[in-house]
Amino acid sequence: MILIKLQHMGEARRRSKNDLGNQNPKNKHQVGKNDSPRIIDWLPLTVKQRNKFLEITVQGGWIGIGLLAVIWIVVRIVGPAAGWWVPADLH
């Protein structure tokens with residue numbers, strides 16, 4: 001009976017032997033990691049997240065103002081002009 005000793009090599013040892021360095025494939029997902037500082041240490045919100053929130057809410061506010069203006073024009077001008085209804089103050 002001949003025993004052959006198989007040499008099992010771990011991933012870290014193989015990488016160091018082949019001079020691949022620290023190119024761990026698990027770290028590929030951390031490329032886009034948010035390195036922005038937190039607003040408050042104990043609060044899990046960063047400065048980038050705060051700025052993105054402000055950007056979205058300001059844009060949403062302007063969209064809301066635009067929709068309000070369009071609805072107002074339809075109710076006050078388009079609807080009565082088309083004969084769909086008569087405003088209460090003109091009755």
Side-chain angles (χ1 to χ4, degrees):
M1 177 174 179
I2 301 173
L3 295 175
I4 300 174
K5 185 177 181 181
L6 295 175
Q7 186 177 22
H8 293 286
M9 190 178 294
E11 182 69 16
R13 186 175 292 162
R14 183 187 68 79
R15 288 185 172 280
S16 65
K17 183 179 177 183
N18 295 335
D19 293 329
L20 293 175
N22 191 13
Q23 298 172 351
N24 192 348
K26 294 178 185 175
N27 292 339
K28 287 182 182 177
H29 299 294
Q30 295 177 356
V31 172
K33 185 179 176 187
N34 191 356
D35 293 331
S36 177
R38 290 185 172 192
I39 298 170
I40 302 173
D41 291 338
W42 54 267
L43 189 65
L45 296 174
T46 63
V47 174
K48 283 184 182 179
Q49 289 171 331
R50 178 194 65 190
N51 292 341
K52 186 67 175 174
F53 173 76
L54 290 174
E55 179 183 319
I56 290 171
T57 54
V58 167
Q59 186 177 13
W62 281 112
I63 291 171
I65 291 170
L67 286 174
L68 179 67
V70 168
I71 291 170
W72 185 83
I73 289 171
V74 168
V75 168
R76 280 304 279 183
I77 299 170
V78 175
W84 296 338
W85 57 77
V86 177
D89 61 346
L90 296 181
H91 239 333

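For the numbers below, each heavy atom of this structure counts, side chains included, while hydrogens, waters and symmetry mates do not.
Under a hydrophobic clustering in which Ile, Leu, Val, Met, Phe, Trp and Tyr are joined whenever their side-chain heavy atoms come within less than 4.5 Å, directly or via other members, Ile63 and Trp72 fall into different clusters.
Nearest heavy-atom pair, Val47 versus Ile39, reported as atom, atom and distance to 0.1 Å: N-CG1, 4.2 Å.
A side-chain donor-acceptor contact under 3.5 Å links Ser36 to the backbone of Lys48. Panel note: side chain Trp85, backbone Val75; a donor-acceptor pair is recorded below 3.5 Å.
Listed by chain and residue number, Trp42, Leu43 satisfy the side chain to side chain contact (heavy atoms under 4.5 Å, CB included) test with Ile40 (two or more places apart in sequence, or in another chain). The side chain to side chain donor-acceptor pair (under 3.5 Å) test applied to Arg76 returns Asp89, not counting sequence neighbours.
Residues in residues 53-63 take part in no side-chain hydrogen bond (donor to acceptor under 3.5 Å, both in side chains) pair, two or more places apart or across chains.
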